[in-house]
Amino acid sequence: MIKRSIQKVMFLVVLLLVGTSGIARAETQLKELGLHSFYGPELKSSNAFRQMIKETLPNLKIGFTKAGAAHLFDDFVAQAGTSNVTAVEVNPGEKLQWMIFRKGETVKVVKDVVWAGKVPFSAFLVQVDQAGTRYVFVVPTRCGNVSLAFTGPVPVAVAPVENVPPFCMVTVTPVNVQPGGYVTIDASKSSDQDGAIALVSMQVVDGKNQVVMDKKIAQPPYVQQITIADPGNYAVRVSVIDDKGRESVSPGCAETVVTVAPAMVTATALFGNFVADIGYMYQADPAHYLLMRLGYDYYFTDNFSLLGMVGGAPVLDGIDDTDSLMVDLTAHLHHQRMSYGAGVGFWRSSMDERADFIVNVAYRFYGEPDAFNIAAFVEGRAAFDQFDELADYGRIGAGLRFEF
């Protein structure tokens with residue numbers, strides 16, 4: 001009984017040793033190059049590598065045949081003779097499917113090779129594409145042992161996607177100003193459909209092509225406001241650049257000319273504008289009025305004007321007043337699109353006559369000061385002798401102001 005048990009144990013040990021030996025033989029651990037070189041001299045250049053291929057063609061063909069790769073031989077030789085040879089390093093642990101070497105005068109092939117050296121070795125790399133498969137060969141410079149390192153499908157070439165230039169949309173307002181007037185360059189509506197805007201370049205040059213302003217804006221909203229002191233014609237040039245370096249070519253970036261005219265010849269400074277108001281006014285006592293006025297806004301400078309108006313205020317509803325007439329004179333301070341006014345007025349109805357104090361604020365949302373424009377205004381007014389009764393007799397209104 002004991003003897004049979006010992007025999008079983010010995011049999012298992014033998015099976016284990018045989019299995020381990022089989023696994024060990026599955027991969028060849030290559031720790032040193034040059035013991036069985038396919039080619040004697042070290043390959044110090046790609047030209048030396050090509051010369052080796054020429055000198056060893058018969059033996060090389062034998063090696064490919066023994067490796068079961070005879071169908072790759074001609075393509076390998078053809079590729080090795082071109083400039084498609086690169087220098088690489090093979091790191092420890094990397095595997096080779098097979099390696100051709102010579103033992104004496106006999107050409108041999110070993111399969112499933114693992115580089116087990118302590119440091120990488122230098123090699124030349126050659127790629128062969130055949131029937132949709134890519135074969136990657138490495139040839140150590142130390143020994144010339146041609147080896148197949150990798151087999152896989154040929155990568156599918158992906159056509160590069162063309163970078164679309166950014167869309168440029170620029171508005172310059174106003175294009176006619178007095179010296180010192182504000183000009184706004186607005187590229188905020190520009191965009192890039194396949195990326196992002198990286199930079200907006202804004203440049204203003206005078207009639208002599210001298211740069212007056214050169215601004216690079218890297219963050220939205222891409223708006224720049226400038227003032228120009230001297231009369232003349234100024235070219236505003238804007239370009240938009242995307243995150244891949246492509247510059248805008250859209251017509252929205254076409255050059256814009258800004259004319260700075262002397263103050264003495266500016267239409268608003270000489271003549272001012274005719275003005276018409278239409279709106280609504282409310283008095284708490286109560287009364288509801290339709291506000292209608294006509295007048296003239298005389299500009300002393302771009303920023304200061306005197307507005308005189310006459311008009312009527314028909315009663316829409318209410319019992320505390322009747323249809324009224326008014327004559328107003330207000331001074332206005334203009335800043336960009338805002339206007340701030342204060343002045344006096346005369347208000348007359350069949351029930352009362354008043355001398356009013358007037359304040360108003362307006363915002364110009366359409367047009368420019370020297371052309372037809374429209375503003376929204378809010379106005380408050382009260383009689384000088386009724387300041388203590390503002391809650392009852394103060395009037396507040398709003399409407400639209402048209403300047404011609």
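Worth knowing before you read on, the calculation uses all heavy atoms, side chains too, and leaves out hydrogens, waters and symmetry mates.
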Requested in this report: Scan for disulfide bond (SG atoms under 2.5 Å apart) pairs involving residues 209-255, sequence neighbours excluded, and state none if there are none.
Outcome: C168-C253
Query - Sidechain-backbone polar pair: E94 side chain, N91 backbone, donor-acceptor under 3.5 Å - result: yes
Report summary line: Between A80 and V126, the two heavy atoms sitting closest are N-CG1, 4.2 Å
**Report entry** Rounded distance [0.5 Å steps], CG in L333 versus OH in Y340
**Finding:** 8.0 Å
Report task. Provide the closest heavy-atom pair for K244 versus G195 in the form atom of the first, atom of the second, distance. Result -> NZ-CA, 4.4 Å
Query raised in the report: Which of parallel (below 30°), tilted (30 to 60°) and perpendicular (above 60°) describes F357 and F387?
Result: perpendicular
**Report entry** 4.5 Å side-chain heavy-atom contact, I226 and Q224
**Finding:** yes
**Report entry** Residue pairs fulfilling disulfide bond (SG atoms under 2.5 Å apart) with at least one residue in residues 28-75, sequence neighbours excluded
**Finding:** none
Query raised in the report: Hey, is the main chain of L35 close enough, under 3.5 Å, to the side chain of S37 for a donor-acceptor pair?
Result: no
Query raised in the report: Can you tell me if N373 uses its side chain to pair, donor with acceptor, with the backbone of A371 under 3.5 Å?
Result: yes
Report task. Nearest 0.5 Å please: distance from the CG atom of L125 over to the CZ atom of F49. Result -> 9.5 Å
Report task. Can you measure from CG (L325) to CZ (F346) and round to the nearest 0.5 angstrom? Result -> 8.5 Å
Query - Qualifying residues under ring pair (Phe, Tyr, Trp, His ring centres under 6.0 Å), relative to F402, sequence neighbours excluded - result: none
**Report entry** Value rounded to 0.5 Å, distance of CD in Q127 from CG in D75
**Finding:** 13.0 Å
**Report entry** Side-chain donor or acceptor of D356 paired with backbone N/O of A383 under 3.5 Å
**Finding:** yes
Query - Pairing residues for F304 by the ring pair (Phe, Tyr, Trp, His ring centres under 6.0 Å) criterion, not counting sequence neighbours - result: F300
Report task. Go through the structure and list residues passing ring pair (Phe, Tyr, Trp, His ring centres under 6.0 Å) with Y39, not counting sequence neighbours. Result -> none
Report task. Let me see the working for K108 and R102 under side chain to side chain contact (heavy atoms under 4.5 Å, CB included), right down to the final yes or no. Result -> CA-CA 6 Å; K108 294 191 174 185; R102 285 201 310 179; over 6 Å; no
Requested in this report: For the pair R364 (side chain) and G367 (backbone), establish whether a donor and an acceptor sit closer than 3.5 Å, ignoring hydrogens and angles.
Outcome: yes
Query raised in the report: Around atom OH of Y366, are there more than 12 heavy atoms of other residues, nucleotides or ligands at under 6.0 Å?
Result: no
Query raised in the report: With a 4.5 Å limit on heavy-atom distance, are the side chains of V223 and T184 in contact?
Result: yes
Report summary line: Sequence neighbours excluded, the answer for salt bridge (charged side-chain N to carboxylate O under 4.0 Å, His left out) partners of D243 is none
**Report entry** Side chains of H332 and L306 in contact at under 4.5 Å (non-hydrogen atoms)
**Finding:** no
Please report, to 0.1 Å, the donor-acceptor pairs under 3.5 Å made by any side chain of residues 141-164, with sequence neighbours excluded.
unit_1, atom_1, unit_2, atom_2, d
T141, OG1, S122, O, 3.4
N145, OD1, F38, N, 2.7
N145, ND2, H36, O, 3.4
S147, OG, N145, O, 3.0
T151, OG1, Q97, OE1, 3.4
T151, OG1, Q97, NE2, 3.2
N163, ND2, D242, OD2, 3.0

Requested in this report: For residues 117-133, pull every pair meeting salt bridge (Lys or Arg N to Asp or Glu O under 4.0 Å), keeping only residues two or more places apart or in separate chains.
Outcome: D129-R134
Requested in this report: Would you check, one step at a time, whether the test side chain to side chain contact (heavy atoms under 4.5 Å, CB included) holds for V240 with M169?
Outcome: CA-CA 9 Å; V240 178; M169 177 56 68; over 6 Å; no
Query raised in the report: Measuring from R237:CZ to S201:OG, what's the distance to the nearest 0.5 Å?
Result: 11.0 Å
Query raised in the report: Side chains of Q386 and R354: does their closest heavy-atom pair fall under 4.5 Å?
Result: yes
Requested in this report: Compare every heavy atom of W98 with every heavy atom of A69, then report the nearest pair and how far apart it is.
Outcome: CB-CZ2, 3.8 Å
Query raised in the report: Y289 versus V315: any side-chain heavy-atom pair under 4.5 Å?
Result: yes
Report summary line: Rounding to 0.5 Å, atoms OH (Y282) and CG (D317) come to a distance of 10.5 Å
Query - Side-chain donor or acceptor of T56 paired with backbone N/O of N59 under 3.5 Å - result: no
Report task. Using a cut-off of 6.0 Å, state whether more than 12 heavy atoms not belonging to K216 lie near its atom NZ. Result -> yes
Query raised in the report: Are side-chain heavy atoms of T173 and E368 found at a separation under 4.5 Å?
Result: yes
Report task. Check the surroundings of atom CD in Q219: do more than 12 heavy atoms from other residues, nucleotides or ligands lie under 6.0 Å from it? Result -> no
Report task. Can you run down the salt bridge (Lys or Arg N to Asp or Glu O under 4.0 Å) pairs that involve residues 187-198, sequence neighbours left out, and say none if there aren't any? Result -> none
Query - Any residue meeting side-chain contact (heavy atoms from CB on, under 4.5 Å) with D206, in chain and number order, not counting sequence neighbours - result: K208, Q210, V212, Y234
**Report entry** Heavy-atom pair with the smallest gap, counting every atom of E247 and P165
**Finding:** O-CB, 3.7 Å
Requested in this report: May I ask you to test the V113-E27 pair for a side-chain heavy-atom distance under 4.5 Å?
Outcome: no
Query raised in the report: What are the two closest heavy atoms between S46 and F124, and how far apart are they?
Result: N-CZ, 3.7 Å
Report task. Check side chain to side chain donor-acceptor pair (under 3.5 Å) between E403 and all other residues, then give those that pass, not counting sequence neighbours. Result -> N273
Query raised in the report: Who passes side-chain contact (heavy atoms from CB on, under 4.5 Å) against A87, sequence neighbours left out?
Result: none
Requested in this report: Go through the steps to decide whether W115 and K95 satisfy the test side chain to side chain contact (heavy atoms under 4.5 Å, CB included), and finish with yes or no.
Outcome: CA-CA 6 Å; W115 171 236; K95 297 181 179 181; over 6 Å; no
Query raised in the report: NZ of K215: more than 12 outside heavy atoms within 6.0 angstrom?
Result: no
Report task. Could you tell me whether the side chain of V183 reaches within less than 4.5 Å of the side chain of V172, counting heavy atoms only? Result -> yes
**Report entry** Ring centre gap for F64 and F76 strictly below 6.0 Å
**Finding:** yes
Query raised in the report: Does E379 come within less than 4.0 Å of R293, counting only side-chain N to carboxylate O?
Result: yes
Requested in this report: Mind running side chain to side chain contact (heavy atoms under 4.5 Å, CB included) on L329 and L307 for me, showing each step along the way?
Outcome: CA-CA 6 Å; L329 183 65; L307 174 61; over 6 Å; no
Requested in this report: Grab the two heavy atoms, one from G345 and one from D328, that are nearest each other, plus how far apart they are.
Outcome: CA-OD1, 3.4 Å
